[in-house]
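We count ligands from 1, going down the list as the structure has it; atoms in each ligand are counted the same way.
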Amino acid sequence: MKGPDIVDRLAAIVGEDRVTADELERALYSQEIANLPPEVVYVFNVRPDVVVRPSSTSEVVRVVNLARELKVPITPRGAGTLGLGGSLPSKGGIMLDLSTMNHVVEVEPGTLSATVEAGVTWEEVREAARAKGLRVGAYPSSALSATVGGWLSGGGVGIGSYKYGPAADQVRWLEVVLADGKVVETGFRGVMDNASGYSLTNMFVGAEGTLGIITRATVKLHPRHGDVVPTAYAFEGLHEAARGILALTRSPVVPYNISFVDGMHLQNLEELGASVPDKAGAVVTVALEGHPQEVELAQRETEAAMGSGGGRRLSDEEAAESWDNRSYEFRVKRLGPGLVPGSVFVPAAAFEEVVDKVYEAVSDLGMKAGITGLVADRNTVDILPYYIVDDRRMLKGLAVMGFMKRLTDIALAHGGRPVGVGMWFAQNLGRVHGEGAHVMRGLKVAMDPEGIMNPGKLVQVGTRYDLAVPSTVMGAGLELLGAIKKTLPADTEEGEMGGPGGMGWREGRADGDEIEWVHGKDEGKRSGDGEGGGR
Ligand SMILES: Cc1cc2nc3c(=O)[nH]c(=O)nc-3n(C[C@H](O)[C@H](O)[C@H](O)COP(=O)(O)OP(=O)(O)OC[C@H]3O[C@@H](n4cnc5c(N)ncnc54)[C@H](O)[C@@H]3O)c2cc1C
């Protein structure tokens with residue numbers, strides 16, 4: 001049942017003003033932070049039939065029961081910032097917008113925790129904690145809009161993960177609505193969740209809403225001991241920065257956060273009018289926290305580690321600017337109509353080599369990709385290349401997916417993995433988890449036999465026609481797209497991004513000065529050479 005009937009029945013559950021089948025609203029909910037190529041609609045039905053905004057767990061239960069009765073898929077959505085089709089339907093159905101479940105239920109200093117509804121943003125949790133003299137451990141850099149339920153469901157790492165762990169480590173307890181309409185509580189609100197039994201909390205973290213809908217969570221909080229002290233270092237290139245980062249991961253200190261950007265990203269920022277360090281082909285920002293003596297010791301160790309890669313310490317002002325902008329790295333999206341990000345995890349020891357391979361792929365495909373990223377733990381680097389592209393142009397938008405495939409291959413070949421999200425990366429499940437993928441698919445069938453919970457994601461490549469696309473076919477398709485990208489003129493020739501490839505540092509500043517690239521494969525080239533973009 002679709003159309004008016006379902007709308008009426010949903011309105012009876014949540015109220016008329018919280019349901020809509022309006023054409024424009026449905027069109028808006030068929031988009032998320034990064035556009036998908038428009039041709040995606042031939043494969044996936046990304047437009048929901050109806051949008052519902054629940055206000056309580058009991059309403060979510062009734063919506064799920066209705067969906068099961070009518071065999072209509074449900075796509076849960078927070079702020080839609082995960083990208084790559086994570087919060088888009090694959091076969092229409094009900095879009096469940098949880099951003100309206102946005103109350104901080106309580107902050108409990110006694111148990112160092114905050115219980116919140118799933119649609120509360122991480123920034124709101126941080127504010128609520130701050131008001132009680134406490135703080136959140138780690139949070140996504142998209143905290144200003146990303147919801148608690150969304151980050152947990154994506155299972156990411158974020159700012160502070162180096163010290164406090166990934167998304168899963170930030171929670172003690174979850175309330176989840178299952179596909180059969182039951183409400184399950186996982187973990188313990190007041191103490192650590194390491195009881196005998198399977199870790200149900202971890203089962204829902206990273207599940208992308210395919211096993212149930214998170215409606216509430218208890219987030220761990222921490223006492224505040226001084227402010228975070230940022231330091232920043234400039235390197236000749238990302239390759240050299242990778243060496244400094246590896247040394248830091250082997251040192252005795254545990255910084256709060258370690259992040260990095262490459263020369264192309266700095267160039268993009270400069271183009272936006274931001275001030276960036278002179279002669280920097282990469283910048284690493286290391287945020288420290290703790291007792292002043294601890295911070296002092298950590299600063300010395302950090303400086304020595306960064307020095308091993310030739311890093312030079314930037315001023316406190318430059319470090320503060322880099323840290324203050326930690327949630328705004330993707331402002332570079334303003335440079336083009338669209339931005340497609342990728343993300344892979346690689347071992348810290350392989351980071352240097354992976355950097356070279358990624359640049360090789362970028363150059364091979366004639367792309368202009370910037371690279372940002374963070375160090376997730378002592379052994380894990382999260383590399384986030386991004387590509388500014390007019391994704392309304394079919395071949396460019398689609399072909400960039402070929403780059404994502406190359407990126408995945410590089411990560412896997414170096415003992416890493418793709419950060420699997422959305423409808424595009426379900427094909428990697430077997431490559432990443434091996435036999436474990438069968439266990440996951442079995443779990444999905446056991447918990448959601450009707451297949452109503454966010455179908456076509458994570459454990460299955462599902463399309464609008466109910467065709468399960470074999471992962472090999474999807475993989476070959478992405479390879480083909482990479483090959484198509486190779487046949488297109490390189491970005492420099494088209495002037496889409498301007499500027500030479502990702503490596504290298506610049507001589508001179510943006511304000512009127514010519515920018516000269518003096519290191520890397522574009523050696524000697526000037527920014528004006530055959531390029532558009534006004535630089
Ligand atoms: C500028 C920028 C910076 C980012 N920085 C980071 C970062 O530092 N770390 C990181 O990990 N990611 C990062 N991301 C990716 C993304 O922002 C995060 O994963 C974010 O936490 C997703 O939250 P959301 O509310 O937007 O979720 P959505 O994108 O709406 O949803 C994410 C997934 O979870 C499902 N879902 C949403 N809510 C629920 C729920 N309540 N129950 C069950 N399933 C649900 C959706 O169906 C979807 O599959 C960044 C993105 C941007 C644009």
Side-chain angles (χ1 to χ4, degrees), residues 29 31-34 48 54 57 60 64 73-90 93-102 116-125 138-162 166-168 170-171 174-179 203-217 257 259 325-333 339-343 345 372-376 382 384 386 419-426 448 453-459:
Y29 278 90
Q31 301 287 324
E32 49 183 14
I33 187 81
T57 302
V60 173
V64 168
I74 299 182
T75 307
R77 179 173 172 121
T81 64
L82 183 60
L84 296 165
S87 61
L88 297 183
S90 63
I94 298 172
M95 170 65 71
L96 194 66
D97 178 354
L98 289 138
S99 66
T100 44
M101 287 183 62
N102 56 5
V116 299
E117 290 183 330
V120 168
T121 67
W122 283 92
E123 187 59 20
E124 286 161 348
V125 186
Y139 55 90
S141 63
S142 50
L144 294 169
S145 23
T147 64
V148 168
W151 193 42
L152 294 177
S153 300
V157 295
I159 292 162
S161 284
Y162 193 81
Q170 311 312 314
V171 282
L174 295 179
E175 177 189 81
V176 185
V177 177
L178 304 177
M203 191 173 79
F204 293 108
V205 174
E208 294 187 26
T210 57
L211 297 179
I213 291 156
I214 298 171
T215 43
R216 287 186 185 209
N257 194 62
S259 59
N325 279 308
R326 64 194 179 282
S327 284
Y328 302 103
E329 292 299 355
F330 284 121
R331 66 199 132 139
V332 291
K333 189 176 181 197
L339 182 152
V340 185
S343 174
F345 280 7
T372 67
L374 61 80
V375 188
D382 183 6
L384 290 139
Y386 65 87
V419 176
V421 292
M423 35 184 63
W424 293 101
F425 285 88
D448 180 21
M453 289 289 182
N454 211 1
K457 310 286 173 65
L458 201 68
V459 290

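- For ligand 1, the polar-atom distance check finds no N/O of Leu374 at less than 3.5 Å from any of the ligand's N/O atoms.
- Contact of the Ile213 side chain with the Met453 side chain is registered, since non-hydrogen atoms from C-beta on lie closer than 4.5 Å.
- Between Pro140 and ligand 1, no N or O atom pair is found at a separation short of 3.5 Å.
- Residue Asn454 has at least one heavy-atom neighbour below 4.0 Å for each of these atoms of ligand 1: 47 (O), 49 (O).
- Geometrically, ligand 1 and Ala79 share a nitrogen or oxygen pair separated by less than 3.5 Å.
- Using a non-hydrogen distance threshold of 4.0 Å, Gly119 does not register as a contact of ligand 1.
- Proximity annotation for atom 51 (C) of ligand 1: of Thr81, Leu144, Val60, Thr81 comes nearest, heavy atoms only.
- Closest protein heavy atom to atom 35 (C) of ligand 1: Ser153 CB, 3.8 Å.
- For a threshold of 3.5 Å applied to N or O pairs, the pair formed by Gly158 and ligand 1 contains no separation below that value.
- Backbone and side-chain nitrogen or oxygen atoms of Thr75 are examined, and none is located within less than 3.5 angstrom of a nitrogen or oxygen of ligand 1.
- For the pair Leu88/Thr75, no side-chain contact is recorded, criterion being any heavy-atom separation below 4.5 Å from C-beta on.
- Remark: ligand 1 and Val157 share an N or O pair separated by less than 3.5 Å (distance only, no angle test).
- Taking only nitrogen or oxygen atoms, main chain and side chain alike, Ala118 does not reach within less than 3.5 Å of ligand 1.
- Counted by atom type alone, Thr372 and Glu329 present zero donor-acceptor pairs between their side chains at under 3.5 Å.
- In terms of polar-atom proximity, Arg77 is not counted as a contact of ligand 1, lacking any N or O under 3.5 Å from an N or O of the ligand.
- Contacts between Trp151 and ligand 1, counted as non-hydrogen atom pairs separated by less than 4.0 Å, involve both the backbone and the side chain.
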